Amino acid sequence: MSDIGVTVKKNENFSEWYTEVVLKSGLADYAPIKGCMIFRELSYAIWEKIQEIFNKKIKATGHKNVYFPMFIPESFLKKEAEHFAGFVPEVAWVTQGGDSPLEEKLAVRPTSETIIYATYAKWIRSWRDLPIKLNQWCNIVRWETKATKPFLRTREFLWQEGHTAHATKEDSDKEVMDILNEYRDLMESYLAIPVLVGVKTDNEKFAGALYTTTLEAIMPDGKALQMGTSHNLGQNFAKVFDIKYIGEDEKEHYVWQTSWGISTRLIGALVMVHGDDKGLVIPPKVAPIQVVIVPIPYKGADSAAIMAKAKEVREKLVEKGITTILDDREEYTPGWKFNEWELKGVPIRVEIGPRDLKQEQVTLARRDTYQKTAVKLDDAVHAIEKLLEEIQNSLYAKAKAALAEKITTVSSYNEFQWTLEAKGGFIKAAWCGHSRCEEKIKEETGATIRLRPFEKEPPITDCIYCGAKAVEMVYFARSY
RNA sequence: GGGGCUGUCGGCUAGUUUGGUCUAGGCUUGUAGACUUGGGCUCUAUAGACCCCGGUUCAAAUCCGGGCAGCCCCA
């Protein structure tokens with residue numbers, strides 16, 4: 001019996017708990033290809049929600065969606081040396097078509113900068129062509145050799161990648177920040193996952209970028225998860241792909257470019273941050289099903305009246321734009337349904353039984369706290385609307401508190417190591433700004449600098465590793 | 001990157017140590033029916049499996065080798 005639901009406790013074996021929730025809730029299944037996964041109905045519906053939200057945001061600021069080929073000629077990928085070196089270890093290649101070998105092998109895109117920018121070179125002539133702001137939703141292949149995990153690290157995943165070209169550095173800087181802010185809003189206001197934002201160090205920046213901005217969340221096991229990145233590519237790609245325009249000054253200039261992306265990894269974050277021992281907990285704003293109505297038709301009770309009432313409530317909710325389903329399956333008992341919908345993370349369950357009918361009420365059960373309340377039929381819709389909002393806010397508040405609890409400021413390397421072992425999470429420490437210290441710390445502890453925060457704080461000590469004068473406080477963590 | 005472990009009906013598993021009544025057992029699920037329904041009811045009937053390739057052997061789910069797939073732990 002117990003093996004229908006989640007059998008592992010979240011705080012006892014986090015890793016196994018995650019795997020169980022993902023499989024049993026119906027989010028995903030394993031594919032018969034190593035490191036690949038099947039996005040089932042539930043996770044794909046969440047992904048569609050994310051697409052809907054983000055599309056609305058970027059379209060409002062003049063971006064348009066396009067689709068470029070998934071095959072990239074080797075020669076394109078090679079053009080930007082740093083970019084090529086960064087991606088080549090995990091590129092999957094197509095070397096043969098039918099029976100005959102290809103003249104030039106083709107990369108299955110690990111990211112699309114090169115193929116898109118080769119085309120930008122063709123399209124951009126004048127300052128009047130700028131800015132160009134395109135985005136695509138597509139799949140990506142990175143042939144991971146490390147252990148894979150559904151949503152978090154798979155050989156193929158889904159994402160969106162935005163690619164823009166601008167006349168000036170100022171414009172491109174602004175684009176990087178605008179997108180970062182939209183990402184942040186998506187994560188915090190919709191997915192209810194608070195993030196830290198800042199800039200990556202040179203070691204951790206995107207291969208070929210001038211600088212990379214990032215959004216980082218913390219997971220309950222104390223590991224950081226990179227939720228999204230927005231890069232300023234400078235003129236690196238413009239120079240190798242020869243993307244030039246004639247300015248108002250009648251002179252030739254290279255364009256300034258940005259690229260940015262979020263992936264289905266976000267779904268993994270959502271599972272880890274909000275889920276509990278009973279399964280998924282999906283924030284109302286991204287829940288494919290927001291309300292489930294479970295009728296409770298006793299033998300001898302007026303089942304017809306209960307059903308009629310259930311349908312009436314559903315109609316009213318649907319009218320308000322609340323995604324509602326009525327679970328009228330006769331082969332399952334209410335108790336069974338309760339468990340199933342909890343496993344699937346539906347934010348609110350509405351129970352309607354003889355008792356409710358008699359008192360002209362419905363019973364509301366919230367997924368996040370299991371709290372049950374009775375509300376009068378006339379107030380039901382309003383109460384549900386309010387409760388959805390409250391659940392959304394409460395999930396965010398809870399995650400926010402968890403994030404705050406997982407940030408520790410340390411003033412020595414000893415304390416750093418001790419904290420990392422005992423507690424994990426983000427560790428805020430003073431850093432001299434040199435890659436060497438960062439590398440040594442990574443080697444010795446496995447932690448990397450996740451970000452250099454935008455909000456600068458004066459260093460409280462010298463560099464915790466080398467003792468030289470520190471330039472800033474940065475956030476370290478072990479990460480997924 | 002390093003280490004450990006696992007693969008048996010759709011799911012969870014017994015059997016593997018010590019090869020042989022294993023014609024592979026149980027629970028759950030599926031299907032048909034009855035009974036129930038406020039937290040995974042109960043009963044009856046029925047369906048369903050040894051990951052793949054090779055080796056050892058009179059005999060392989062069991063031992064050996066390889067492959068494929070998955071999980072966990074550490075960095």
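Sequence lines set the chain letters: A, B, ... in the order given, protein chains first and strands last, and positions in each chain run from 1. All of these numbers come straight from a predicted model, not from anything done at the bench.
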My understanding is that a pair needs two contacts under 3.5 Å, Watson-Crick or G-U wobble. By that rule, which nucleotide pairs with [N]?
N: B:U17; result: none
N: B:C71; result: B:G4
N: B:G40; result: none
N: B:G48; result: none
N: B:A60; result: none
N: B:A24; result: none

Protein-nucleic acid N or O pairs under 3.5 Å, nucleotides 35-37 of chain B:
{"unit_1": "B:U36", "atom_1": "OP2", "unit_2": "A:Lys299", "atom_2": "NZ", "d": "3.4"}

Return yes if some donor-acceptor pair links the side-chain N/O of [X] with the main-chain N/O of [Y] below 3.5 Å, else return no.
X: A:Glu74; Y: A:Phe76; answer: no
X: A:Glu104; Y: A:Ser75; answer: yes
X: A:Trp431; Y: A:Pro459; answer: no

In whole angstrom, give the distance that lies between atom [atom1] of [X] and atom [atom2] of [N].
X: A:Asp327; N: B:G40; atom1: CG; atom2: P; result: 16 Å
X: A:Glu331; N: B:G33; atom1: CD; atom2: P; result: 12 Å
X: A:Phe338; N: B:G40; atom1: CZ; atom2: P; result: 10 Å
X: A:Asn339; N: B:G40; atom1: CG; atom2: C1'; result: 5 Å
X: A:Glu342; N: B:G38; atom1: CD; atom2: P; result: 14 Å

query = B:G38, B:G39, B:G40: which one has an atom nearest the side-chain heavy atoms of A:Arg349?
reply =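 Between B:G38, B:G39, B:G40, the one nearest the side chain of A:Arg349 would be B:G39.
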
Pair A:Lys316 + A:Glu319: basic N to acidic O under 4.0 Å =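 Salt bridge between A:Lys316 and A:Glu319, a charged N being under 4.0 Å from a carboxylate O: no.
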
Span that lies between the [atom1] atom of [M] and that of [N], in whole angstrom:
N: B:C9; M: B:A45; atom1: P; answer: 24 Å
N: B:G70; M: B:U56; atom1: P; answer: 31 Å
N: B:G65; M: B:U6; atom1: P; answer: 14 Å
N: B:G19; M: B:U57; atom1: P; answer: 15 Å
N: B:C51; M: B:A61; atom1: P; answer: 10 Å
N: B:U8; M: B:A49; atom1: P; answer: 14 Å
N: B:U46; M: B:A69; atom1: C1'; answer: 32 Å
N: B:G3; M: B:G20; atom1: P; answer: 34 Å

inquiry  = Determine whether a donor-acceptor pair (one donor, one acceptor, N or O, separation below 3.5 Å) exists between the side chain of A:Glu340 and the base of B:G40.
reply    =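 When only heavy-atom distances are counted, A:Glu340 does not reach the base of B:G40 through any donor-acceptor pair under 3.5 Å.
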
ask   = Ring centres of A:Phe206 and A:Phe87 under 6.0 Å apart?
value =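 Yes, ring centres under 6.0 Å apart.
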
query = Got a sec, which pairs hit ring pair (Phe, Tyr, Trp, His ring centres under 6.0 Å) with one end in residues 378-423 of chain A, sequence neighbours left out?
reply =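 Those involving residues 378-423 of chain A are A:Tyr413-A:Phe416, A:Tyr413-A:Tyr465, A:Phe416-A:Phe476.
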
request  = Would you mind listing every side chain to side chain donor-acceptor pair (under 3.5 Å) that reaches into residues 218-228 of chain A, with sequence neighbours excluded?
outcome  =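 Every side chain to side chain donor-acceptor pair (under 3.5 Å) pair that includes a residue of residues 218-228 of chain A, provided the two are not neighbours, is A:Lys200-A:Gln226, A:Asp221-A:Tyr480.
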
message = Suppose we screen for side-chain contact (heavy atoms from CB on, under 4.5 Å). Which residues come up paired with A:Tyr30, at least two apart in sequence or across chains?
response =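 For A:Tyr30, the residues satisfying side-chain contact (heavy atoms from CB on, under 4.5 Å) (neighbours in sequence not counted) are A:Thr19, A:Leu23, A:Pro150.
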
message = Parallel, tilted or perpendicular, judged at 30° and 60°: which one describes the rings of A:Trp159 and A:Phe157?
response =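 Perpendicular: the ring planes of A:Trp159 and A:Phe157 meet at over 60°.
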
key: Of all pairs that satisfy salt bridge (Lys or Arg N to Asp or Glu O under 4.0 Å), the ones with a partner from residues 462-480 of chain A, not counting sequence neighbours   =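 Sorted result for residues 462-480 of chain A: A:Glu421-A:Arg478, A:Arg452-A:Glu472, A:Lys456-A:Glu472.
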
query = Is there a side chain to side chain donor-acceptor pair (under 3.5 Å) between A:Glu415 and A:Thr419 once you walk through the steps?
reply = CA-CA 6 Å; A:Glu415 197 185 347; A:Thr419 305; 5.0 Å; no

query = What string of B, S and - do you get for nucleotides 68-75 of chain B, 5' to 3', if B is base contact, S is sugar-phosphate-only contact and - is no contact with any protein heavy atom under 4.0 Å?
reply = -SSSSS-S

